[in-house]
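One structure below.
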Amino acid sequence: MKTCASQALRRRSTPSPLLTLLAALPAALPLHGCGADVAPPTLDGATVTAPVLGVSGGGAVTIFAISPVAPATAPGAVVSVSFRFEGGPTELQYKVFTHFLNGAGDIAFGHDFMPTPPTSAWQTSVTQTESIAVPPWLPLGTYPVLAGLYLPPAGDRLPLAPGPGVTEPAGDYRRYQVGTLTVAESAPPPPPPPPPPPPPAAGGAFTVELGPEEVLFSSPGGSCGALDLPDAPPRAFVDASGRVQLFATHYANYRMVGDTLDALAHDCGAPVLSSHFDPEPRHYDDFEWLTAPYTLDGQTIHALVHNEYHGWDHDNCDSMGGNIINCWWNSITLAVSTDAGSSYHHAPAPAHLIASSPFDYARHNTAGHIGFFEPSSVVRQGGVYYFVMNHRTPTVEGPCVMRTANLADPSAYRLWDGAGFNTPGDRADCAVVANLGGVRSHLSFNAYLGRYLMVGFDYGPEGTGVYASTSADLVTWDARTLIAALPLVGSVPATEMSYAYAALLQPGDESRNFEVTDRAPYLYAVKWRLADNGVRSLVRRRLRLSLSADQGRVPRVAYDFAERRGTRLADSGMGAVTADLVGGTLAALEGRRVVQLSGEGVVAAAHQPRLAAAAGITIEGWVKLPGPTADWQVLAAKEQGCAARNYGLYVGPTGHRFVGRLHFSLTALGQCSGTVGNAVVADNAWHHVAATFSDATGEARYYVDGVLDAVASHPGATLAQGQSAAPLEIGRRLVGAVDRMAVHGYPMTAAEIAAVVARDRARRALGAPQ
């Protein structure tokens with residue numbers, strides 16, 4: 001066993017942002033149980049102090065120290081933390097918990113472990129080092145660290161008396177603050193490393209299906225006036241109160257606000273950013289479009305601004321032939337909101353500049369518009385933020401890639417120069433990336449394809465329309481694929497309807513900035529006739545991607561539970577079967593957006609023909625159940641009792657031979673036919689669970705965490721026997737959390753289920769809730 005001797009802690013060298021676990025006490029703190037003359041732990045020769053928990057009421061256990069083994073690491077990496085305990089043994093076997101709290105006092109993430117040896121065998125002193133993954137989505141800031149001991153499965157915590165430097169927050173329950181975790185960028189940040197590669201691509205060409213067009217609003221009648229018309233690709237984010245805000249803005253920048261993408265209304269109080277019309281070109285402060293907002297917490301939003309200098313509006317244009325486009329000079333700047341998007345401001349010009357042309361403005365220019373134009377949406381990878389924009393000089397035009405590790409500092413942004421991200425944006429040139437052409441409107445990571453996905457309107461060999469290209473590294477792009485054949489503005493007579501400004505937004509995306517798409521996003525665009533330029537419509541239609549192996553194999557319905565407000569839950573599949581949340585809670589839990597249920601609530605979708613199963617079915621999703629309950633917990637079911645049970649997946653109750661295990665059931669000859677899996681899934685851990693059934697074989701197959709768990713037979717059962725007009729219900733009598741649940745109208749293969757699990761994990765890593 002360890003004694004009270006100081007412990008040498010190892011340092012890990014990792015890139016910024018800098019993550020440090022700060023001790024709460026002065027260096028001279030005497031350590032409990034060792035005496036004041038014992039030296040505290042050291043870290044590469046530096047003193048590291050740690051708070052102490054005293055023994056409570058004659059108890060045997062003290063949290064002696066919690067100290068960082070790796071004081072510096074980047075979000076998304078792993079930090080090692082040393083726990084030291086004094087005293088023992090205990091009568092019962094306790095687990096250790098560590099909670100990292102956000103600004104609202106909620107658990108941002110946590111870590112539990114069973115000590116080795118167990119607490120019932122402790123003698124005098126025990127030291128254990130745990131590796132704790134710091135979520136890559138964790139916003140910058142300071143997180144109180146609270147720790148303690150609890151008794152599973154009920155969760156009763158061991159009382160401890162806080163020692164010097166340790167506090168028990170008021171109203172908390174036997175949970176003690178032992179330090180703080182600070183996630184912060186170093187200043188100035190070193191050049192960010194190349195992003196880690198995304199998950200392996202699904203591979204192969206994909207096909208696209210398009211749903212009917214839906215008009216979201218038309219200007220000026222459905223907006224805030226003549227200048228509130230869609231004039232840029234739609235962008236969306238979730239603010240600090242959980243509301244969705246969407247921009248498709250003009251240079252008078254208004255926003256749309258609502259609980260979800262399906263419930264947005266114009267906020268017509270005032271533009272959130274009004275253009276400043278500065279006549280000095282190198283002030284980069286003339287006509288301003290908010291085109292790419294990005295936020296980590298929903299309170300502070302950094303937005304890339306497309307800035308147009310109009311020489312003709314400032315009596316500064318002598319272009320030959322009166323072609324005013326020759327007096328259009330463009331740059332990209334930065335605006336910031338600190339009030340959750342109600343207003344934006346920027347540093348005094350030109351300190352807000354991100355990218356500008358190396359060519360000075362010339363009132364006699366004849367080479368067309370010049371500069372950096374129309375930044376795409378922003379995606380984050382490994383703590384670095386990327387976007388694409390168009391760059392035009394008198395001789396070259398094409399898309400450039402830019403990135404930064406510090407959204408707030410315009411001078412920290414760097415352009416791709418063909419060898420690396422080395423070039424500051426002020427009066428800069430860049431390397432044009434191949435294959436994209438005009439396809440540079442909207443950027444996302446597509447979890448279905450396993451690659452970055454760029455879309456935009458362009459001319460191409462198949463005509464005009466929305467094209468797509470994919471990439472593994474954001475600088476090498478595949479050949480374009482036409483995904484929607486639509487007439488591009490300028491490609492048809494001015495009296496005919498045309499389109500521009502494409503974007504993809506995914507219902508059910510858990511990321512705060514809608515930067516992760518999946519198999520069935522919405523394709524947004526702006527539609528108008530050039531002859532009537534002031535009358536425009538923002539439209540969208542559902543789009544579904546299919547790799548060759550997935551043709552015809554699509555979910556009937558899928559709920560990601562990513563909403564943060566309201567009770568209407570979006571179907572992330574193309575069927576758009578909206579469900580209602582009754583009695584449950586939308587919440588963030590351990591890096592996930594979930595529905596939490598306490599035995600009384602339910603997610604219910606009214607009957608539609610597409611919800612009925614025949615011939616085959618798969619029910620799959622993610623659940624965390626603290627334990628079995630006294631009743632059957634319904635994961636997903638469409639039933640009216642045993643005589644009309646089309647399908648159902650449950651977890652067995654206490655006192656039953658199926659306790660804590662998966663149970664699939666359907667009607668067979670007027671009776672319930674049920675089987676059971678082997679693994680216990682009601683164990684207070686996250687599990688992906690799945691059950692498939694085929695009429696052809698009569699077999700149910702159970703999968704847990706992507707691995708086949710059991711195969712069972714249902715003699716005489718067919719799905720059609722139990723069809724009815726019953727609603728689909730998720731979570732009836734369930735106590736716990738559901739992260740995602742989907743129903744497929746066919747029995748998925750083992751490989752397909754494993755792929756779903758892998759994609760879900762990849763999507764969560766790249767677009768976890770913030």
Side-chain angles (χ1 to χ4, degrees), residues 552-557 607 609-621 623 625 628-682 687-734 741-754 756:
R553 298 174 75 82
V554 298
R556 297 292 180 87
V557 67
H607 169 72
R610 70 178 295 108
L611 298 180
I617 191 172
T618 299
I619 303 169
E620 53 94 7
V623 295
L625 309 177
T629 65
D631 208 340
W632 294 92
Q633 300 185 73
V634 179
L635 301 186
K638 194 174 188 299
E639 61 173 342
Q640 289 178 336
C642 280
R645 179 171 291 169
N646 190 198
Y647 51 84
L649 183 60
Y650 315 85
V651 173
T654 55
H656 195 283
R657 61 193 177 97
F658 294 171
V659 60
R661 294 188 284 168
L662 294 175
H663 169 65
F664 177 77
S665 180
L666 74 169
T667 294
L669 307 175
Q671 306 281 329
C672 279
S673 174
T675 56
V676 65
N678 292 321
V680 173
V681 297
H687 293 292
H688 183 271
V689 297
T692 71
F693 178 80
S694 169
D695 280 1
T697 64
E699 286 184 346
R701 291 177 173 263
Y702 295 87
Y703 298 82
V704 176
D705 297 326
V707 178
L708 181 65
D709 175 61
V711 180
S713 179
H714 291 255
T718 59
L719 290 160
Q721 293 181 53
Q723 288 185 353
S724 71
L728 168 64
E729 292 188 333
I730 297 170
R732 175 74 69 186
R733 300 188 299 275
L734 187 145
M741 193 63 65
V743 177
H744 307 255
Y746 58 94
M748 298 177 74
T749 66
E752 287 176 313
I753 289 173
V756 166

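We're numbering straight along the sequence, starting at 1.
- Panel note: side chain D705, backbone H688; a donor-acceptor pair is recorded below 3.5 Å.
- Put simply, CD on E639 and CG on L666 are 11.0 Å apart, with the number rounded to the nearest 0.5 Å.
- Annotation for G706 and A754: closest pair O-CB, 4.1 Å, computed over non-hydrogen atoms.
- A donor-acceptor pair under 3.5 Å is formed between the side chain of Y702 and the backbone N or O of F664.
- Using a 4.5 Å heavy-atom cutoff, the side chains of H607 and P727 are not in contact.
- The main-chain N or O of C642 is found under 3.5 Å from a side-chain atom of T667 such that the two form a donor-acceptor pair.
- R556 places a side-chain N or O within donor-acceptor distance of the main-chain N or O of A612, the cut-off being under 3.5 Å.
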### Task
Start with the C-alpha distance between V681 and V704, add both sets of side-chain angles, then the distance that settles side chain to side chain contact (heavy atoms under 4.5 Å, CB included), and finish with yes or no.
CA-CA 8 Å; V681 297; V704 176; 4.0 Å; yes
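- With H687 contributing its side chain and V689 its backbone, the two residues share no donor-acceptor pair below 3.5 Å.
- No donor-acceptor pair under 3.5 Å is formed between the side chain of K638 and the backbone N or O of Q723.
- Residues P653 and P628 approach most closely at C-CB, 4.4 Å, considering heavy atoms.
- Not one N or O on the side chain of R645 forms a donor-acceptor pair closer than 3.5 Å with the backbone of G722.
- With rounding to the nearest 0.5 Å, the separation of CG in N678 from CG in D709 is 4.5 Å.
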### Task
Test side chain to side chain contact (heavy atoms under 4.5 Å, CB included) on T749 and R553 and set out the steps.
CA-CA 11 Å; T749 66; R553 298 174 75 82; 4.3 Å; yes
### Query
Taking it one step at a time, do E620 and Y703 satisfy side chain to side chain contact (heavy atoms under 4.5 Å, CB included)?
CA-CA 9 Å; E620 53 94 7; Y703 298 82; over 6 Å; no
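- In this structure, S673 and A668 approach most closely via the heavy-atom pair CB-CB, 3.8 Å.
- In terms of heavy-atom proximity, A690 sits nearest to I753 at CB-CD1, 4.1 Å.
- No donor-acceptor distance shorter than 3.5 angstrom exists from the side chain of R701 to the backbone of T692, with no hydrogens or angles considered.
- With rounding to the nearest 0.5 angstrom, the OG atom of S665 is 10.0 Å from the CG atom of L649.
- Nearest heavy atom pair, residue A637 against residue Y650, reads CB-OH, 3.7 Å.
- Distance alone, capped at 3.5 Å, is enough to place a donor-acceptor pair between the H663 side chain and the T675 backbone.
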### Message
Between V557 and R610, does the side chain to side chain contact (heavy atoms under 4.5 Å, CB included) criterion hold? Intermediate values first, please.
### Response
CA-CA 8 Å; V557 67; R610 70 178 295 108; 5.5 Å; no
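- For the pair A636 and L728, the tightest heavy-atom approach, listed with the atom from each and the gap, is CB-CD1, 4.5 Å.
- Note: L635 CG to L734 CG = 6.5 Å, rounded to the nearest 0.5 Å.
- Separating the CZ atom in R733 from the CG atom in D631 is a distance of 4.5 Å, to the nearest 0.5 Å.
- Inter-residue side-chain proximity for T654 and T629 is flagged as unmet; no heavy-atom pair is nearer than 4.5 Å.
- Looking only at distances, a side-chain donor or acceptor of T618 sits under 3.5 Å from a matching main-chain atom of Y746.
- The structure places NE2 of H714 at 9.5 Å from OG1 of T697, a figure rounded to the nearest 0.5 Å.
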